[in-house]
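Whatever order the structure lists ligands and atoms in, that order sets their numbers, starting from 1.
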Amino acid sequence: MNKDYRSSTVYQIYIKSFCDSNGDGIGDINGIRSKLKYIQSLGVKYIWVTPFFCSPMIDNGYDVADYKNINPMFGTMSDCEALISEAGGLGMGLMFDMVFNHTSTQHEWFRKALTGDPEYMNYYIFRDGDADTPPAEWTCSFGGSAWEYVPELKKWYLHLFDPSQADLNWENPKVRNELKDVIRFWKAKGVKGFRFDVLNLISKPESLNNLPSGSAVKFCRDGHHVHDFIRELVIDTGIENMITVGEMASTTLDNCINYTNPERHELSMCFNFHHLKVDYKDGNKWALMPPDLNALRNLFREWQESMSLHDGWSAVFWCNHDQPRIVSRLGSEGKYWKHSAKMLATFIHMLRGTPYIFQGEELGMTNAHFTRIEDYKDVESINYYKILTGKGVTSEEALNIIAQRSRDNGRTPMQWTSGRNAGFTEADSAWIGIPDNYKSINVESEESDPDSILNYYRELVKLRSECRIISDGSVKFLDSGNERVFAFERSFEGKSIIVICSFSPNDERINKLPAGKVLLTNYDTSNESENLRPFEAIVVLK
Ligand code: TEU
Ligand code: CA
């Protein structure tokens, strides 16, 4: 089995916000092509591009209407083929984003289902019921019911996300075969790997009768056939030796081991999001709370050590297109902006797993700081603004919550230069607002600063590709003697490194600083005191 992903780093592109090549304010495939040299300069081996297939774009492409054609807004099939081959020429493989839990309701399959064609109705999850009573009291991820009524059919269909994203019926072998066909299509075009959207939600409960009310996602997570469905998809399409990552937002540790242990022939790795919920009050994304660092450390310790022990493999990351920017969340946008961004990067990139860099993270890009509801474009943010204010939360407070939690924080344009529209587009304006700080936080200025966050990321990626302790070593968390300072040891063939990361904006005392050769640190002078400096990170070869 090919395990090159263990020493590789992946770069994630949110296409709509990466680079606009034709001046319409929207990022596109040719924009990515124009920046391939930049991506290569980071040292990454794979590029995951979020969906650019035909779509009504209600959920920005996660509502696919045709898996084998390109949304004209993003370019053409020949642009796409050129992207694959040009990236390949620079030593990078493309990973495409397969949204297989649901399709857009504009997909041909769903449109045929709506005509009452039984063959296509069986592609989705339709249930009988009168117009007033949905089959179960389930809520969808974006707020509101998870069931939508179709009066012509006198039936309800299930959608875990927006009503325009109808869930596919994976129990139907025809559906599974259609999806395999999509994989084969892109594989034949030279794609080197796949990211699978919300893959642990594909197997629904056998019977929907007598289910309690609550979040639909909760009832569909890691369902009874999920492992069989994944194995069948992977084996039948021959992608076992490619890099594959399943998005498994709130899976369990046991399932994650099973999804990724090579003997089970499922996936190379999984994303899980538990560590990104430590600032959700009572698990509620829309209730603010300062991050619980103890919970964060315990989660990493438990998952890292168990995955290591049972030969599972994780995708390790802080940021993606659904998350606020990590430097705004766990670091600092002020005096310690640079130190905290580098510390957070050190922590992730020294862990056991494959690190993902989300566009702009390597620059220390921050949250958007939008102040008006009109600034938001994401369907989830707009829905929750209505839900929160409907519950009596003041508009000011709702805007404050959304400013911290909106997915749009990760979706503002890539900051290339200090020039107009951050060098993202030649249009009068981009499709979504650009944070004012682009004048100082941008690729151009960080290229010319040897001490920049950007250049630090390059060092991290290089270290992983060269040092087997980092790519292949086991992991053990250590007690630093201070709950704001995380420490762990990576070991391989008798050698080890110690990683110390302070998540604190203050000086912090720890048990003892490790002795050895400093491989990397985010301060320019070596630490000779008993104390760690704010957000200090040190990597030592023992
Ligand atoms: O995300 C699914 C997911 O679990 C989330 O991150 C989700 O956006 C969040 O819980 C809402 O609060 C994936 C995609 O990454 C996301 O962009 C899509 O909207 C979603 O699936 C539906 O396809
Ligand atoms: Ca464009």
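Cation-pi contact between Lys377 and Trp431: absent, since separation from the ring centre below 6.0 Å together with deviation from the ring axis within 45° is not met. Trp286 does not carry Lys391 over the face of its six-membered ring by the limits of under 6.0 Å from the centre and within 45° of the normal.
Side-chain polar atoms of Ser328 and Asn409 form no donor-acceptor pair below 3.5 angstrom.
Using a 4.0 Å cut-off between heavy atoms, Met248 makes no contact with ligand 1 at all. Contact annotation for Arg411 and ligand 1: only side-chain heavy atoms (C-beta onward) come within less than 4.0 Å of the ligand.
Contact atoms of ligand 1 toward Phe142: 19 (O) (distance under 4.0 Å to a heavy atom of the residue). Residue-ligand proximity, His102 to ligand 1, at heavy-atom distances under 4.0 Å covers atoms 22 (C), 23 (O). Atom numbering of ligand 1 starts at 1 in the shown order; those under 4.0 Å from a heavy atom of Lys285 are 11 (C), 12 (O). Within ligand 1, counting atoms from 1 as listed, the ones closer than 4.0 Å to a heavy atom of Phe273 are 6 (O).
The nearest heavy-atom contact from the protein to atom 3 (C) of ligand 1 is Glu247 OE2, 3.6 Å. Summary of contacts: the protein heavy atom closest to atom 23 (O) of ligand 1 is Asp197 OD2, 2.8 Å. Ranking protein heavy atoms by distance to atom 18 (C) of ligand 1, first place goes to Asp59 OD2, 3.2 Å. Here the heavy atom of the protein found nearest to atom 4 (O) of ligand 1 is Ala249 CB, 3.6 Å. Regarding atom 11 (C) of ligand 1, its nearest protein heavy-atom neighbour is Glu380 OE2, 2.7 Å.
Ligand 1 has a nitrogen or oxygen under 3.5 angstrom from a nitrogen or oxygen of Arg195.
Of the candidates Asp322, Val64, Val99, it is Asp322 that places a heavy atom closest to atom 15 (O) of ligand 1.
Considering the Ca ion (ligand 2) as centre, the angle to O of Ile26 and to OD1 of Asp20 is 80° (10° rounding). Here the Ca ion (ligand 2) is the vertex; the OD2 atom in Asp28 and the OD1 atom in Asp24 give an angle of 170° (to 10°).
Between Glu108 and Lys112 there is a salt bridge, with a side-chain nitrogen of the basic residue lying less than 4.0 Å from a carboxylate oxygen of the acidic one. Using a 4.0 Å cut-off between charged side-chain N and carboxylate O, Asp59 and Arg407 make a salt bridge. The pair Arg176-Asp181 fails the salt-bridge criterion, with no side-chain N (NZ, NE, NH1 or NH2) lying under 4.0 Å from an Asp/Glu carboxylate O. Salt bridge annotation for Asp66-Lys68: absent, with no cationic side-chain nitrogen under 4.0 angstrom from a carboxylate oxygen.
Using the six-membered ring where Trp is involved, His321 and Phe358 have ring planes that are tilted, between 30° and 60° apart.
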Trace of the side chain to side chain donor-acceptor pair (under 3.5 Å) decision for Asn200 with Tyr259: CA-CA 9 Å; Asn200 68 327; Tyr259 288 129; 4.9 Å; no

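Ligand 1 has no atom lying under 4.0 Å from any heavy atom of Lys277. Using a 4.0 Å heavy-atom cutoff, Arg407 is listed among the residues neighbouring ligand 1.
For Phe110 and Tyr123, the ring centers sit 6.0 Å or farther from each other.
Between Glu361 and Arg325, the closest side-chain pair of non-hydrogen atoms falls below 4.5 Å.
Under 3.0 Å from the Ca ion (ligand 2) lies an N/O/S atom of Asn22, whether from backbone or side chain.
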